[in-house]
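These notes are about the structure you will find just below.
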Amino acid sequence: MVHVLPTGGPDVVAVERGSRYGLIVSKSVGDAVTRHAVARRLRVAAAGAEVSASDDPDRSELVVIRALPGAADRSSTELTDELTSALRKAHRRLADDAVGAR
């Protein structure tokens with residue numbers, strides 16, 4: 001599950017270019033060892049997904065990634081693919097919301 005908040009608005013803390021990621025990996029994912037392994041794989045996935053999901057390299061945003069229980073059974077490649085897909089979907093939602101707000 002991914003949530004994206006573009007920065008640059010008056011009520012958002014300024015962030016340098018690029019994305020800042022926050023991870024939520026709850027106990028529902030597994031024990032501490034499993035949660036830390038999932039978090040490590042998600043950090044690597046976020047680094048790979050950032051490049052492919054955003055068309056604008058100057059985009060600044062805050063991204064929250066919440067690991068669901070099934071993340072413990074996913075490979076690094078699967079996590080990267082799913083995260084890339086979720087980021088694209090979140091960016092489309094933001095673009096649709098911006099068009100609808102006009």
Side-chain angles (χ1 to χ4, degrees):
M1 181 176 292
V2 174
H3 300 281
V4 177
L5 177 66
T7 59
D11 53 340
V12 179
V13 176
V15 177
E16 291 186 27
R17 285 187 281 181
S19 300
R20 294 188 70 181
Y21 289 87
L23 298 176
I24 301 171
V25 185
S26 71
K27 286 185 179 182
S28 66
V29 173
D31 62 6
V33 173
T34 303
R35 289 193 310 269
H36 287 287
V38 168
R40 281 193 305 273
R41 289 197 315 260
L42 282 172
R43 281 189 207 100
V44 171
E50 179 177 9
V51 174
S52 60
S54 178
D55 298 333
D56 182 6
D58 292 333
R59 178 187 308 233
S60 294
E61 58 195 9
L62 302 174
V63 180
V64 176
I65 302 167
R66 180 178 174 159
L68 299 176
D73 301 325
R74 302 284 197 278
S75 70
S76 295
T77 304
E78 289 172 319
L79 284 176
T80 301
D81 292 344
E82 290 177 8
L83 183 57
T84 300
S85 174
L87 282 169
R88 285 191 178 131
K89 184 176 180 181
H91 288 139
R92 279 195 305 272
R93 277 194 314 256
L94 283 174
D96 291 346
D97 289 348
V99 169
R102 290 182 194 171

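Hydrophobic clustering (side-chain heavy atoms under 4.5 Å, transitive across Ile, Leu, Val, Met, Phe, Trp, Tyr) keeps Val44 apart from Tyr21. Note on Val63: it does not cluster hydrophobically with Leu68, by side-chain heavy-atom contacts below 4.5 Å among ILVMFWY residues.
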Show your reasoning for whether side chain to side chain donor-acceptor pair (under 3.5 Å) applies to Ser28 and Ser26.
CA-CA 5 Å; Ser28 66; Ser26 71; 2.8 Å; yes
Could you give me the CA-CA distance, side-chain angles and deciding distance for Val4 and Leu87, then say whether side chain to side chain contact (heavy atoms under 4.5 Å, CB included) is met?
CA-CA 8 Å; Val4 177; Leu87 282 169; 4.1 Å; yes
Is there a side chain to side chain donor-acceptor pair (under 3.5 Å) between Asp31 and Thr34? Walk through the geometry before answering.
CA-CA 5 Å; Asp31 62 6; Thr34 303; 2.7 Å; yes
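Not counting sequence neighbours, the partners of Ala67 by the side-chain contact (heavy atoms from CB on, under 4.5 Å) test are Val25, Val29, Val38, Leu42, Ala71.
Residues in residues 63-77 take part in these salt bridge (charged side-chain N to carboxylate O under 4.0 Å, His left out) pairs, two or more places apart or across chains: Arg74-Glu82.
Here the straight-line distance linking atom CZ of Arg41 with atom CZ of Arg43 works out to 12.0 Å at 0.5 Å rounding. A distance of 12.0 Å separates OG of Ser76 from CG of Leu83, quoted to the nearest 0.5 Å.
Panel note: side chain Arg35, backbone Gly30; a donor-acceptor pair is recorded below 3.5 Å.
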